[in-house]
Amino acid sequence: MYKAGEVVHSSFFLADALDVAPHLLKMQLVRQFNNEQIIKLQITEVEIYRGEEDLGCHASKGRTPRTEVMYLPGGCIYVYLIYGMYWLLNITTGPENHPQAILIRGTKEIQGPGRIGRALELDKSFYGEEINSSDRLWLEWCPLYNSGKYQTLPRVGIHYAGEYWANIPWRLKSF
DNA sequence: AGCGGGATTGCA
DNA sequence: GCAATCCCGCTT
């Protein structure tokens, strides 16, 4: 399997979001800036957005310029601007034409998806970039960081999606 | 509990 | 074209 610090292979993200998400809780998000400075964030909280039937998922609107990347084979960076201010970071998963993404909601160092995007200095140019071949944002396996245990909770901020999809426990939080 | 802020979408 | 909405964070 993987060793600590090892970069995650692209085929890893072709699996279903429900299977991939728990493993993201054992990974570090690594950002290398233009000035060669590197920061590493330990992922602690993620949310699953899965399929057109998921009314909380942007892909519930179907294939649009914004959701296009979720229809490609998994392993791409999906960023979008929310409330005119925050770039939220998602990693796409699943095979082609199965639109899914996993939102990075929290890290040990920085909590909140908006703050994470700000710390990583994300912008539109990251849209569609492959997480396994990027030279400025990637994931590293970090299996020894936590116990692998996590709690499941409803996702945040999707009250509009109806009771079922708003309550489905697709937020994973490590402890 | 209210607002900033701008892209995205749907409807005309 | 326009108006409504939005996977948030910060301030009151």
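Computed from a prediction, not measured in an experiment: that's the story for all the values here. Protein chains get the first letters and strands the later ones, always in sequence-line order, with residue 1 at the start of each.
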- Spell out yes or no: do the side chain of Tyr80(A) and the base of dC7(C) have one donor N/O and one acceptor N/O closer than 3.5 Å? yes
- Item | Separation of atom NZ in Lys124(A) from atom C1' in dA7(B), rounded to whole Å | 8 Å
- Query: Does Arg171(A) make a cation-pi contact with Tyr150(A) (under 6.0 Å, within 45 degrees of the axis)?
  - Reply: no
- Message: When you group the ILVMFWY residues by side-chain heavy-atom contacts below 4.5 Å and let the links chain together, are Tyr160(A) and Val156(A) in the same group?
- Response: no
- Is Arg66(A) close enough and on-axis enough to Tyr80(A), meaning under 6.0 Å and within 45°, for cation-pi? yes
- Item | Tyr160(A) side-chain proximity, nearest of dG10(B), dC7(C), dG6(B) | dC7(C)
- Message: If the test is side chain to side chain contact (heavy atoms under 4.5 Å, CB included), which one of Leu172(A), Ile43(A), Val20(A) qualifies with Ile102(A)?
- Response: Val20(A)
- Roughly, in whole Å, what's the span from OH in Tyr86(A) to C1' in dT8(B)? 19 Å
- Query: What nucleic acid atoms does Arg66(A) come within less than 4.0 Å of, heavy atoms only: base, sugar-phosphate, or nothing?
  - Reply: sugar-phosphate
- Message: Using a strict threshold of under 4.0 Å (side-chain N to carboxylate O), is an ion pair present between Glu47(A) and Arg155(A)?
- Response: no
- Message: Rounded to whole Å, please give me the gap between CE in Met70(A) and P in dT8(B).
- Response: 13 Å
- Item | Protein-nucleotide distance (Asn90(A), atom CG; dC7(C), atom C1'), rounded to Å | 8 Å
- Query: Please walk me through it: do Met70(A) and Tyr49(A) pass side chain to side chain contact (heavy atoms under 4.5 Å, CB included)?
  - Reply: CA-CA 10 Å; Met70(A) 283 195 277; Tyr49(A) 290 88; 5.7 Å; no
- Query: What distance do Tyr164(A) atom OH and Asp54(A) atom CG have between them, rounded to the nearest 0.5 Å?
  - Reply: 9.0 Å
- Task: Answer yes or no: does a side-chain N or O of Arg115(A) lie under 4.0 Å from OP1 or OP2 of dC10(C)?
- Result: yes
- Query: Under 5.5 Å between ring centres and under 30° between planes: does that hold for Tyr49(A) against the base of dC7(C)?
  - Reply: yes
- Message: With a 4.0 Å cut-off on N to O distance, would you call Glu129(A) and Arg136(A) a salt bridge?
- Response: yes
- How close or far is atom P of dC7(C) from atom CG of Leu153(A), stated in whole angstroms? 19 Å
- Task: Mind checking Gly56(A) for me? I need base, sugar-phosphate or nothing, with any heavy atom below 4.0 Å counting as a touch.
- Result: base
- Task: Rounded to the nearest angstrom, tell me the gap between atom CD1 in Ile82(A) and atom P in dC7(C).
- Result: 5 Å
- Query: When the distance from CD of Glu68(A) to C1' of dT8(B) is rounded to whole Å, what number comes out?
  - Reply: 15 Å
- Measure from the side-chain heavy atoms of Pro113(A) and tell me the nearest of dA7(B), dC8(C), dG4(B). dC8(C)
- Query: What interatomic distance, in whole Å, is found between P of dT5(C) and the corresponding atom of dC3(B)?
  - Reply: 16 Å
- Message: I want to check one thing: is the phosphate of dT8(B), taken as OP1 and OP2, less than 4.0 Å away from some side-chain N or O of His58(A)?
- Response: no
- Establish, with yes or no, whether the OP1 or OP2 oxygen of dC10(C) is under 4.0 angstrom from a side-chain nitrogen or oxygen of Arg118(A). yes
- Query: Can you tell me how far C1' in dC6(C) sits from the matching atom in dG2(B), rounded to whole Å?
  - Reply: 16 Å
- When we call it a touch if two heavy atoms are under 4.0 Å apart, what does Gly84(A) touch: a base, just sugar-phosphate, or nothing? base
- Atom pair distance, as rounded to whole Å: CG in Asn167(A) and P in dC7(C): 16 Å
- Message: Applying a 3.5 angstrom cut-off to the pairing atoms, does DNA chain B sit in any stems of at least three consecutive Watson-Crick or G-U pairs? List them by first number.
- Response: B:1-4 with C:8-11, B:6-11 with C:1-6
